[in-house]
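To keep things clear, I will list the structure first and then write my remarks on it.
None of the values given here were measured: they were computed from a predicted structure.
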Amino acid sequence: MKTAIIKQPEMKILPILKKIKDNPWVGVAVSLAIIIPSLYKILDDVTVLRMEYLLLIIFFPLYIKSLKKIFDQILDSTDDSYD
């Protein structure tokens with residue numbers, strides 16, 4: 001019976017990963033970490049088709065989605081403070 005009570009170590013990481021995935025600040029940080037270096041490479045020579053264009057197509061919407069989530073949280077919290 002004691003083994004059923006003990007929390008398994010691999011189950012501890014799942015809630016942590018879920019918190020990281022749901023945190024919009026992580027999305028902003030990861031997106032900017034990819035977008036900024038990609039822009040430097042693209043702006044070096046615009047006429048060449050690079051893999052960085054694909055990275056921008058993937059990570060720019062993630063950046064916008066994360067910012068929207070952050071601003072929605074800010075707006076929801078300010079509505080509560082006036083009550």
Any chain of hydrophobic side-chain contacts (each under 4.5 Å) joining [X] to [Y]?
X	Y	value
L43	L32	no
I57	V48	no
M51	L56	yes

Non-neighbouring partners of [X] that pass side-chain hydrogen bond (donor to acceptor under 3.5 Å, both in side chains), sequence neighbours left out:
X	answer
N23	none
K18	D22
D45	T47

Next item on the list: Determine the minimum heavy-atom distance between R50 and K41, stating which atoms define it.
Entry: NE-O, 3.4 Å

Margin query: Using every non-hydrogen atom in the two residues, find where S66 and G27 come nearest and quote the distance to one decimal.
Written below: OG-CA, 3.5 Å

Notebook entry, point to check: Just wondering, do Y40 and D44 contact through their side chains at under 4.5 Å, heavy atoms?
Noted result: no

Note to self: Which residue in the set I34, I35, V28 passes side-chain contact (heavy atoms from CB on, under 4.5 Å) when paired with S31?
What the structure shows: I35

Next item on the list: Keeping the roles fixed (side chain from S77, backbone from I74), state whether a donor-acceptor pair exists under 3.5 Å.
Entry: yes

Note to self: If I take atom CG from residue L67 and atom CH2 from residue W25, how far apart are they, to the nearest 0.5 angstrom?
What the structure shows: 8.0 Å

Item checked: Pairwise distance CZ(F59) to CD1(I36) - rounded to 0.5 angstrom -> 13.5 Å

Margin query: I'd like to know whether CZ of F60 has more than 12 heavy-atom contacts from other residues, nucleotides or ligands below 6.0 angstrom.
Written below: no

